[in-house]
S.K.: 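Quick one: this structure, given as structure tokens, is what I'll be asking you about.
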Amino acid sequence: DTEVTQTPKHLVMGMTNKKSLKCEQHMGHRAMYWYKQKAKKPPELMFVYSYEKLSINESVPSRFSPECPNSSLLNLHLHALQPEDSALYLCASRGGRTDTQYFGPGTRLTVL
Amino acid sequence: LAKTTQPISMDSYEGQEVNITCSHNNIATNDYITWYQQFPSQGPRFIIQGYKTKVTNEVASLFIPADRKSSTLSLPRVSLSDTAVYYCLVGAGGGGFKTIFGAGTRLFVKA
């Protein structure tokens, strides 16, 4: 099973809402990632959990909050987002000694 | 960080072979070279990975010269469904912030 699943597929939220994105993998990978991708741009790495230890892209605002409940699950908590946060949010996991990442289908987020 | 440089876009016709070259002049000794394909509104999909010389799988070949400062993804006999963005990534097993997506190459396959 080389699948990474993400829910929901689409999310529309207001600037005062609190929502969460979810990601799951069952490949036994110990590294998981959140990326943000704007239209016609490459994915931009936001957060990395490696063996459940968090690394942060310092440019990501605090209204994004990651959580790794266990090695198979990854959440991204959203609060007080801005319209410019509208994007495709991708989750990926990586395992083994090489740098192969397996991506989920993404969550299309729209902030009104 | 090993920065990568690719052509911004390429056009091709169905049935042709397409070669996309990626430059990575400061590749480190333990870095692998990985190519991904991405369709609109989908996550990137792993295509092929190599360390040196040539690697071939059922969808593509990857050519890496001896100095490893560049690599070429070869797609044989492309079809319309190969229209996508192709990313070359260079990194070691540490992944994460040591491996950054470059701008990618937009391949457009015409009938």
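Atoms considered below: every heavy atom in the structure, side chains included; atoms not considered: hydrogens, waters and symmetry mates. So you know, we letter chains A, B, ... as the sequences are listed, proteins then strands, and number each from 1.
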S.K.: If Ile, Leu, Val, Met, Phe, Trp and Tyr residues are connected whenever their side-chain heavy atoms lie under 4.5 Å apart, and connections chain through other members, are L21(A) and Y33(A) in the same group?
M.R.: no
S.K.: Please enumerate all residues that pass side chain to side chain donor-acceptor pair (under 3.5 Å) together with Q6(B), with sequence neighbours excluded.
M.R.: T105(B)
S.K.: Just checking K41(A): does its NZ atom have more than 12 heavy atoms from other residues, nucleotides or ligands closer to it than 6.0 angstrom?
M.R.: no
S.K.: Checking heavy atoms, do the side chain of E44(A), its backbone, both or neither come under 4.5 Å from chain B?
M.R.: neither
S.K.: In this structure, would L45(A) and F101(B) fall into the same cluster of hydrophobic residues linked by side-chain contacts under 4.5 Å?
M.R.: yes
S.K.: Using heavy-atom distances under 4.5 Å, tell me whether P43(A) contacts chain B through its side chain, its backbone, both, or neither.
M.R.: both
S.K.: With a sphere of 6.0 Å drawn around NZ of K110(B), does it hold more than 12 non-hydrogen atoms of other residues, nucleotides or ligands?
M.R.: yes
S.K.: Are Y35(A) and L109(A) linked, directly or through other ILVMFWY residues, by side chains that come within less than 4.5 angstrom of each other?
M.R.: no
S.K.: Sub-4.5 Å heavy-atom contacts with chain A: which residues of residues 36-66 of chain B show up?
M.R.: Y36(B), Q38(B), S41(B), Q42(B), G43(B), P44(B), F46(B), Q49(B)
S.K.: Look up atom CD in Q101(A) and atom CG in L89(B), then write down how far apart they are to the nearest 0.5 Å.
M.R.: 7.0 Å
S.K.: Linking I/L/V/M/F/W/Y whenever any side-chain heavy atoms sit under 4.5 Å apart, do L54(A) and L74(A) land together?
M.R.: yes
S.K.: Determine which pairs satisfy ring-ring contact (aromatic ring centres under 6.0 Å, His included) with at least one residue from residues 38-74 of chain A, sequence neighbours left out, and list them in order.
M.R.: F64(A)-Y89(A)
S.K.: Please state whether the side chain, the backbone, both or neither of M32(A) comes within less than 4.5 Å of a heavy atom of chain B.
M.R.: neither
S.K.: With a 4.5 Å heavy-atom cut-off (strictly below), which parts of residues 71-81 of chain B touch chain A? List them by number.
M.R.: none
S.K.: State plainly whether one hydrophobic cluster holds both L78(A) and L88(A), where clusters connect Ile, Leu, Val, Met, Phe, Trp and Tyr through side-chain heavy atoms under 4.5 angstrom apart.
M.R.: no
